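Input: a single structure, listed below in structure tokens.
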Amino acid sequence: MHSELPTVPGTTPMPEHRAEISERGSFAFATCSCGWYSAARRSRDLARREAADHVAEYGGDAAP
Ligand SMILES: [Zn+2]
């Protein structure tokens, strides 16, 4: 038997969570590299906080 390409079982790639703040007009919203995005906010600080909350919630290594 020939061996196939080596596969490592049990390794699931974790999506990275890198949030950024984008601005459109007078609104700011947070986007994440995982595809998540927040609602448009009039406050950049609020969008930034939502981004931080998202990363803290999904970016942690705590198992569900
Ligand atoms: Zn994310």
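Ligands are counted one by one from 1 in listed order, and the atoms in each one are counted from 1 as well. Please read these numbers as outputs of a predicted model, since none were measured by experiment.
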**OP:** For side-chain contact (heavy atoms from CB on, under 4.5 Å), just list the numbers for Cys34 and His54, CA-CA rounded to whole Å, side-chain angles, deciding distance to a tenth of an Å, and then say yes or no.
**Re:** CA-CA 11 Å; Cys34 75; His54 167 80; 3.6 Å; yes
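With hydrogens and angles ignored, the 3.5 Å screen pairs no side-chain donor or acceptor of Ser38 with any backbone N or O of Phe29.
Arg41 pairs by the side chain to side chain donor-acceptor pair (under 3.5 Å) definition with Glu50, not counting sequence neighbours. Applying the salt bridge (Lys or Arg N to Asp or Glu O under 4.0 Å) rule to Glu23 yields the partners Arg44; only residues at least two apart in sequence or on another chain are considered. Looking at residues two or more places apart in sequence or on another chain, you find a salt bridge (Lys or Arg N to Asp or Glu O under 4.0 Å) between Arg18 and Glu16.
Considering SG of Cys32 and OH of Tyr58, their distance stands at 10.5 Å, rounded to 0.5 Å.
Around the Zn ion (ligand 1), the protein N, O or S atoms closer than 2.8 Å are His17 ND1, Cys32 SG, Cys34 SG, His54 NE2, listed by chain and residue number.
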